[in-house]
Amino acid sequence: MTDTSDVQVDAERYDPLALEPAIAQRWHDERTYSLSPRPSTDRDGQGTFYALTMFPYPSGDLHMGHAEIFTIHDALVRHLRMSGRRVLNPIGWDAFGLPAENAARNRGADPKKWTYENIEEQRSTIVRLGYSFDWDTVLRTCDPDYYRWTQWLFLELFDAGLAYRREALVNWDPIDQTVLANEQVVDGRGERSGAVVQRVPRTQWFFRITDYADELLDALEAIDWPDRVKNAQRAWIGRSEGAEISFQTADPGPSGTPEEVVVYTTRPDTVFGATYFVFAPEHPIVTARMAGNADYDAFRDEVSRRSEVERVSTMSADRGKRGVRLDFDMVNPFTGEPIPAYAADYVLMDYGTGAIMAVPIGDQRDFEFATQERLEIRPIIRPTTQDGDLLEELDPATMTEAYVGPGVMINSGEYDGLPWEQAKARIVADVSAKGWGTTRVNYRLRDWLVSRQRSWGPPIPIIHCATCGEIGVPLSDLPVELPGDLDFQVQGSPLEQHPTWKHDVVCPQCGGEDAVRDVDTLDTFVDSSWYFLRYLSPHDDTKAWPKDAANAWLPVDQYTGGVEHAVLHLLYSRFVVKAMRDRGHLAADEPFQALLNQGQVIMDGASMSKSKGNLVVPGEITDTYGADALRGTMLFASAPEDDIDWADVSPTGMHKWLSRVWRLTLAQIEREASDTAADGAEVEALRKAVAVAVIGVTEDYDARKYNTAIAKLMSLTNAILDATRDNSGGETARDALETLLTMLAPICPFITEELWHRLGHADSVHDQPWPTADASLLVEDEVEIVVQVNGKVRGRITMAVGAPQDEVVAAATADCAVAEHLGGEVAKVIHVPDKLVNLVVKA
RNA sequence: GCGGGCGUGGCGGAGUUAGGCAGACGCAGGGAACUUAAAAUUCCCCGGGUGAAAGCCCGCGUGGGUUCGAGUCCCACCGCCCGCACCA
């Protein structure tokens with residue numbers, strides 16, 4: 001700061017730090033942006049807009065990523081309000097989760113206190129940055145009056161048969177003694193402990209999201225989301241069409257009759273090439289037959305324990321496959337031949353049926369395993385071109401990879417000579433006719449594992465009764481509250497090891513005392529899968545949300561957030577909405593109609609982190625240049641979807657521009673106060689500049705292109721400067737400034753509010769209607785026409801609007817600069833009226 | 001490997017929806033005015049080559065194609081980024 005004590009300053013300097021905090025606090029304390037009437041009482045969807053931003057996780061103060069998402073979102077929201085929409089713009093916190101528990105475990109913190117302190121810190125930063133949230137709708141997923149309804153949601157799904165318990169292989173961290181979510185496993189190791197994660201069987205709760213696989217896939221067509229997110233969900237769901245075919249064991253087996261084993265295949269046409277058979281190592285038929293075989297147990301244990309690490313650490317193509325020959329054969333139903341059975345790590349128990357017919361000629365994985373184990377590779381297809389012309393026969397002795405192209409069947413009995421698509425259809429039909437199998441659709445998507453051996457989450461509201469089994473806690477007993485005296489220093493789950501919590505219960509159905517609470521909590525993604533519904537009535541203690549309000553407000557019109565949730569939160573929320581729709585609690589098919597993925601804020605090409613020493617926090621920028629400059633800098637840097645490298649941007653430049661706006665406005669007020677305000681010679685140019693700016697900036701706001709909107713506002717600022725350079729400027733200059741402030745308000749809410757008041761307005765700039773342009777100012781009598789010769793620009797001429805082609809050509813050929821290039825006869829003329837004329841000359 | 005996206009000045013980026021003046025707007029840099037000086041502010045220059053200048057030539061990853069005309073459309077290739085990854 002310069003020392004101004006002995007310098008006479010003409011005008012007050014722009015000092016955002018002096019004016020922003022008071023305005024920010026007033027907006028918060030007076031609930032300036034609360035929606036009234038409340039959404040829960042609103043019955044009319046007309047003119048309403050539900051703007052949602054992914055709620056923050058309170059792991060510390062706000063970081064630059066939060067500032068980016070909120071800044072984009074707030075510009076959208078403030079613009080919509082000025083355009084006359086009633087906007088629901090809620091905020092809350094995704095407040096359950098692992099970091100609070102880790103803070104408790106490592107530092108002895110109380111997770112509740114730790115969480116609420118972080119929330120308060122984030123809240124004050126959000127307020128300071130001027131984000132216009134509705135402070136009446138605040139929710140925290142760790143509040144009992146929120147998770148009460150998360151538990152209700154669980155019980156709804158339980159009643160519907162969509163929540164169930166079964167044994168599954170889960171990620172087990174042997175150091176922390178706990179199950180980890182997939183996203184907590186990085187490169188096969190526990191995110192926190194660094195231990196190699198094991199796959200262990202455990203009985204867990206699941207949501208039956210696979211019931212909705214088809215709808216989750218098909219309904220993507222109708223929502224306005226970025227393609228990369230839709231594609232990620234399509235890949236995650238992974239629909240494939242094929243057939244199930246039943247094979248039999250070659251021997252009678254324990255029961256005296258051959259056992260049936262069903263395989264799934266997308267290439268039933270290649271069944272004659274199935275020269276061996278592979279089971280997943282955990283397949284029940286194999287484990288039954290290999291029981292007591294210590295070598296096999298060792299093999300199976302090693303495969304299941306190491307598979308996760310290998311999956312991420314090695315390219316699949318480079319990795320050898322591990323398998324063992326089993327002591328029995330299977331029979332290929334089409335050839336009647338016995339084929340050897342194997343168990344191998346490349347067949348997964350939880351996809352398809354956990355067993356495959358192996359066709360080395362036509363499947364790369366089978367080809368690799370067959371080569372490795374010296375198994376027969378039988379050609380059953382002769383390659384053809386796409387058009388069906390025969391190519392050379394395959395020679396297994398010299399092949400280096402499986403053949404997956406088109407062809408006609410050979411060595412395939414009655415199907416010989418058929419093109420492969422026809423063979424596929426015939427074989428599928430015959431499989432059904434003979435009772436050997438059926439067509440089948442399979443999904444990569446697995447059911448959603450929701451239970452966690454954690455203690456900072458909603459307890460699963462189930463009581464296990466020795467007599468009645470799994471019984472839901474009655475609604476009147478919700479919430480099942482977390483005890484306040486958990487000991488986070490214990491090994492394993494504090495909730496499970498609490499002295500009384502688990503056993504202090506009777507069966508709600510039979511009243512029996514031989515009952516215990518479920519000691520697991522729900523995944524934090526369950527909390528966030530429905531919070532956008534709770535925003536409609538966050539304090540209602542009679543229901544999770546009002547159905548009619550949900551029908552009026554859903555789907556969310558615009559959802560803004562990071563792409564890291566492409567297949568987790570965004571898929572889970574879609575499932576929950578569809579399930580709740582089918583339970584009759586709401587009408588919408590989808591939670592989020594439109595999605596905007598903002599880019600990341602990085603530093604010097606790398607993601608920011610404390611350990612890299614490249615961390616910039618919003619507070620640092622706000623304390624130097626103010627919130628307006630931070631917001632403007634972020635929006636000006638690039639389109640919302642693109643990453644921002646903070647090393648490349650300039651809050652100084654933004655501050656300089658805002659200072660210029662400040663000075664121009666104060667100069668206008670000065671002129672008006674001294675009665676010298678009169679428009680100068682540039683008045684027409686300024687009026688036109690305003691009209692051009694209004695049209696362009698409005699288009700940019702509608703397209704969410706805030707970077708170019710700011711560029712146009714800067715141009716308008718320059719036009720005002722030019723028009724008032726001689727200290728002239730009356731009505732027109734005031735109008736231009738007011739238009740500028742109005743259109744800048746969604747981006748820089750503080751300086752615009754302050755200057756708006758200084759210009760003599762008692763109301764808020766944020767309550768002004770969005771400006772419209774006087775289009776008549778843009779009607780011209782003359783236009784500049786670009787003259788090209790053979791497509792190259794050679795000159796420009798000024799013509800009357802609507803000038804006919806012959807006049808334009810005459811003027812163009814008369815232009816000396818153009819004439820120079822007219823070496824020959826004009827063979828052709830391309831005339832785009834009022835824009836361009838291209839004279840084509842023969843060489 | 002499969003799927004998706006992106007390549008424009010020293011830098012961030014405009015322009016790509018609909019083919020029609022490439023480099024808007026800014027940052028960084030250079031010069032000037034004002035000032036005792038500095039800061040602040042204001043003005044000028046700022047893709048490469050050539051030229052005193054006007055201008056001319058080249059230029060949007062590379063190579064082709066379509067077109068009167070291509071950063072924009074089509075084909076091939078190169079590079080980078082992001083998903084998924086033994087899913088039968």
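Just so you know, these numbers use all the heavy atoms, side chains as well, and skip hydrogens, waters and symmetry mates. Letters go in sequence order (proteins before strands), and every chain restarts at 1.
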- Query: Which nucleotide sits closest to the side chain of A/Arg660: B/rA88, B/rC82, B/rU42?
  - Reply: B/rU42

- Give the nucleotide from the list B/rA85, B/rA88, B/rC86 with an atom nearest to the side chain of A/Val347. B/rA88

- From the options B/rG4, B/rU42, B/rA88, select the nucleotide whose nearest atom is closest to the side chain of A/Arg228. B/rG4

- Task: Give a yes or no on this: more than 12 heavy atoms of other residues, nucleotides or ligands lie within 6.0 Å of atom NZ of A/Lys230.
- Result: yes

- Do you see a donor-acceptor pair shorter than 3.5 Å between the side chains of A/Tyr625 and A/Thr652? yes

Please produce a list of atom pairs where a protein N or O lies less than 3.5 Å from an N or O of nucleotides 21-25 of chain B.
from, atom 1, to, atom 2, distance (Å)
B/rC21, O2, A/Arg796, NE, 3.0
B/rC21, O2, A/Arg796, NH2, 2.6

- Name the closest nucleotide to the A/Ala637 side chain, picking from B/rG12, B/rC84, B/rG83. B/rG12

- Note on the structure: Rounded to whole Å, the CZ-P distance (A/Arg13 to B/rA39) equals 14 Å

- Nearest-nucleotide pick for A/Thr266, side chain only, options being B/rA88, B/rC58, B/rC56: B/rA88

- Query: A/Ile830 has a side chain; which of B/rC58, B/rG20, B/rA88 sits nearest to it?
  - Reply: B/rG20

- Query: Taking the side chain of A/Lys705 as heavy atoms from C-beta outward, which of B/rG20, B/rC11, B/rG15 is closest to it?
  - Reply: B/rG15

- Item | Face-on cation placement of A/Arg444 at A/Trp236 ring, 6.0 Å and 45° thresholds | yes

- Item | Distance-only donor-acceptor test, A/Lys828 side-chain atoms vs B/rC68 base atoms, 3.5 Å | no

